[in-house]
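First listed ligand is number 1; within each ligand, the first listed atom is number 1. Fair warning: this is a prediction, and the values are worked out from it, not measured in the lab.
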Amino acid sequence: MASPVAVTLSQHLLAEEQKHAVSPELSRILIQIGYAAKVLAREFTRAALVGKLGLIGDKNATGDYQKKLDVYANDAVIEAFSDNGLVAGMVSEELEKEKEIASGSSSDYLMCIDPLDGSSNTDINGALGTIFGIRRRAKRGGTIAEEVLRPGSEQVAAGYVMYSNSTLLVYTAGHGAHGFTLDRELGEFILSHENIRCPARGHYYSGNLGKFYEWPAEIRKYIEYLTDHDASTRRPYSLRYSGALVGDLHRSLIEGGIYFYPPDTSHPTGKLRLMYECAPLAMVVEQAGGSASTGERRILDVRPESIHQQIPFVIGSAADVALYEHFLSGQRSVAAKS
Ligand code: AFP
């Protein structure tokens, strides 16, 4: 039961509008994302009871087989934004092309979204996520695709929802990262993690080690470093990998650590999607004092070339990400001393 002084997502956004001149339109978008998250949380919880587990049979734009819940989540998000004029367009993992939203033609905002992150977890009751980034339209008159292909540093808000033993919404509008836990009885997201700070260094790492022999030699050396024993640097790091980026990232954000998805044989330019996975999470993590990179450059500085662009990704505690970059650049001796 929420305490009587609980702060709801809407109250928090109202206060942020006054403190930091966050635009009311942006607040309304975030509140609507909160609404969509409640719809998704309800459906994810009962998916096994209403025939929504399993594959639908088609592949999405980046070649993944779609689950029934992928399609459901995408439709639910579109429905949540179709009639209220809040956003002019949407880029979604589940849509081959960007979607123009007629009711939002005069809105200043565009949304990039992964409606359901971690689809391999749907049928095993594992953690799931939703990831979103909000951008201001660069110019009117261009196509949504042209307008949206801007570096992540131009996002005005971003966040994620994690569906696990509780449903948690974390957002930033450029003034810190804040987390809200869904109180199901009240039907409200309640502030539970104010001004999240990512520890400078952690002792967890998340990566698909099944790909170890497909990774660059420098990354294999980095794994050897992490799994070596040295009490002064709290090694070996412990491995945690859930199959849902949101879940692994959330652990790093709260307890410190690192998540990485380097290029491999089947994904020579990386697997994770810049616009609706990497850039939004990078904004959240930077706002909490962590960092996010391709291994070579800051994620938020990368200018997308296409809406479904896939890139190498590393995110988490600032010192851990810096060390990964050192290893990748071949400066192992420098890195190993830090
Ligand atoms: P989707 O479920 O949105 O396609 O994303 C899953 C994901 O991008 C990310 O959440 C996981 O960390 C990663 O893929 C898992 O990929 P592998 O199964 O290749 O390790």
Check: Can you name the residues that form a side-chain hydrogen bond (donor to acceptor under 3.5 Å, both in side chains) with D117, not counting sequence neighbours?
Finding: none
Next item on the list: Collect the protein residues that have a non-hydrogen atom under 4.0 Å from ligand 1 and hand them over in chain and number order.
Entry: D64, E93, D114, L116, D117, G118, S119, N208, Y241, G243, A244, L245, Y259, Y261, K271, L272, R273, E277
Note to self: One thing to verify: whether D64 and R273 come together as a salt bridge, which I'm taking to mean a side-chain N less than 4.0 angstrom from a carboxylate O.
What the structure shows: yes
Checklist line | Salt-bridge contact E25-R28 (side-chain N to carboxylate O under 4.0 Å) | finding: no
Check: By side chain to side chain contact (heavy atoms under 4.5 Å, CB included), which residues pair with Q309, not counting sequence neighbours?
Finding: L274, P304, E305, S306, I311
Note to self: Does anything in residues 187-196 form a side-chain hydrogen bond (donor to acceptor under 3.5 Å, both in side chains)? List the pairs, not counting sequence neighbours.
What the structure shows: T181-S192
Check: Is any NZ, NE, NH1 or NH2 atom of the basic residue among D108 and R137 found under 4.0 Å from an Asp or Glu carboxylate oxygen of the other?
Finding: no
